[in-house]
There are 2 protein chains.
Amino acid sequence: MSAFAERLTTQSARSETVMEAVARRIESLIRSGELRVGSRLPPEPQLAVMLGVSRSSLREGLKGLMFLGLIKARPGHGTYIQSSLGRGASRHFKWMLLLREVKYLEIYELRKILEPAVAALAARRASPEDLEKMEAAILGMKSNFARPEQYMACELAFHEEFGRAAKNAAIEMMLRMMYAALAEGRRRTLPLIADFESNWRRHQRILRLIARRDAAGARRAVLDDLRYAETLLRKDLKAQENFRSKVGEIQLEPSKTKRKAPAKLQRADLKQG
Amino acid sequence: MSAFAERLTTQSARSETVMEAVARRIESLIRSGELRVGSRLPPEPQLAVMLGVSRSSLREGLKGLMFLGLIKARPGHGTYIQSSLGRGASRHFKWMLLLREVKYLEIYELRKILEPAVAALAARRASPEDLEKMEAAILGMKSNFARPEQYMACELAFHEEFGRAAKNAAIEMMLRMMYAALAEGRRRTLPLIADFESNWRRHQRILRLIARRDAAGARRAVLDDLRYAETLLRKDLKAQENFRSKVGEIQLEPSKTKRKAPAKLQRADLKQG
DNA sequence: TGGCTGACTTTGTCTGACAAACTATGCCTC
DNA sequence: GAGGCATAGTTTGTCAGACAAAGTCAGCCA
């Protein structure tokens, strides 16, 4: 009868690793209210004794939580539970892009679903402070037409404030994940803004409509901007494809690209991997 | 002029930790094409030499990536790069719920934005296999009205197939994150399904409309289901609030056990987290 | 041929130690 | 008395070496 359900609930019988146990234990401490955002965890040696594991194992578990952005260690100070909306998750998203499991065009499809709705929410809910911050970001963009790096930083700030203005933490987290992942792969997004001034004008229009509480207008403006950016992306992808098919065979040699490795990793040589 | 941009680009000058370096190094290996999904990483001792770090530090870095679901270690076998859509990220989402940084109602607002659009996409793109799998999940639900655990497992399976049918990896990842997080906090979602049969009927209707390629109908059906579930959630939240306000004062002693609180966890048995 | 044993590989965990970063206290100088 | 500096103490970061556990695989024997 319930064969389908059986198959689903069958867990892999692998014994739980200490790392997982540490994470679950700390989770339960949060659930019980003993730990909350900002709390300091007991020192590592003490915590290791409490949990009955060695310090190294404990640290591996903590590192996992750090990667997720859920805790933050300050040397000589302590380890704290951190308020983090999408900090760690964006790294996850970035990897999906790296591994080509997620395509840029797919992200734009997602954005076209999410962001117009977010714009409508922002038009209804944005506080004066939100509007001020978005305005500041817009001004920052305007004064940096000639400096791509800084222009992009301001644009990212605008988008983050935009997400925050919708007054929904789940949405804010999702958007931050996407934006952070996109910003990291800036190679791909930077050339898309052929004309900073035109890009800036579209953003300014979005802000103006939000400030006027014009939900429908803001929704349309965001969708327009995304459509425009998507068109550029499509062109860029096609150009790159042509480039690859032409140059692909020539540059078959392994990545000899000089990359500045951090000092501590100088001995790195992974050719045999 | 560009003070705003300056403030944004100012990084915290904290020296990079080995863990971060390890992660970046492996990232660059993926970027250069030396590693891809399914690749086996070199053994830990060897990799440690390559990166010029000790095995313990390397392991901490790897654990971080494991938590994100990006690599998977098999004892006695090796460590592999894993294809993971939202496996690690869902844990992140769950924590946000735990820490009360994200509220359940906010997730429902997000779902009401996302899922109707996804339903429309699924109606256009679902393959026969997708429809079969959703059908199987629906059947599984039907035969488990009396077994809540298994019913929920089947419902989760239905939603995952639903997300997959939209044929967009970014969307699939987002949905899996949400569903996994909601499923973990099942305390909250289980009682919401007052009547399994009614819940099942709504799901069946969604599937039928997707199978008929009725995008608009599927969109409406999903929105209806979400509205219904949200109503139940609102009632449940209100009931819980009443309960808290009655029982809350009695054990209102969070600050008294401030620093020494974890002390009672000494020798805590890990297995019962 | 088939199954079992043993060596080998690889990850999991533990112990102990020292370095680095930050805090806080107390001393010394002005 | 006030302020700067040095020192001790706390806490995380990193390293080294060792053994256990788990899985693979070749080779031996019935």
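Naming: A, B, ... by sequence-line order, numbering from 1 per chain. Note that this is a predicted model, so its numbers are computed, not measured.
- Comparing dT15(C), dC15(D), dT11(C) by their nearest atom to the side chain of Ser56(A) picks out dT15(C).
- In the set dT11(C), dC15(D), dG13(D), the nucleotide with an atom closest to the side chain of Glu44(A) is dG13(D).
- For the pair Leu47(A) CG and dG13(D) P, the interatomic distance rounds to 13 Å; values are reported in whole Å.
- Atom C1' of nucleotide dG13(D) and atom NE2 of His77(A) are separated by 16 Å, given to the nearest angstrom.
- Between Ser39(A) and Arg36(A), the side chains place no donor N or O within less than 3.5 Å of an acceptor N or O (distance only, hydrogens not considered).
- In this structure, the NZ atom of Lys72(B) is 13 Å from the C1' atom of dT11(C), given to the nearest Å.
- Remark: Tyr179(A) engages His159(A) in a ring-ring contact (aromatic ring centres under 6.0 Å, His included) (not counting sequence neighbours).
- Going from atom CD of Glu60(A) over to atom C1' of dC15(D) covers 14 Å, rounded to whole Å.
- By the salt bridge (charged side-chain N to carboxylate O under 4.0 Å, His left out) test, Arg111(A) is found to be paired with Glu115(A), residues two or more places apart in sequence or in another chain being considered.
- If you take CE of Met66(A) and P of dT14(D), they are 10 Å apart, rounded to a whole angstrom.
- Here Ser57(B) lies in heavy-atom contact (under 4.0 Å) with sugar-phosphate atoms only.
- Per the geometry, CZ belonging to Arg74(A) stands 7 Å off P belonging to dT23(C), to the nearest Å.
- Computed from coordinates, the Leu58(A) CG to dT11(D) P distance equals 14 Å when rounded to whole Å.
- Using a cutoff of 4.0 Å between basic side-chain nitrogens and carboxylate oxygens, Glu161(A) and Arg164(A) are scored as salt-bridged.
- Taking atom CZ on Arg59(A) and atom C1' on dT12(D), their separation rounds to 6 Å, with Å as the unit.
- In the set dT12(D), dG12(C), dT11(C), the nucleotide with an atom closest to the side chain of Ala73(A) is dT12(D).
- Taking only distance into account, the side chain of Arg55(A) meets the base of dG13(D) through a donor-acceptor pair shorter than 3.5 Å.
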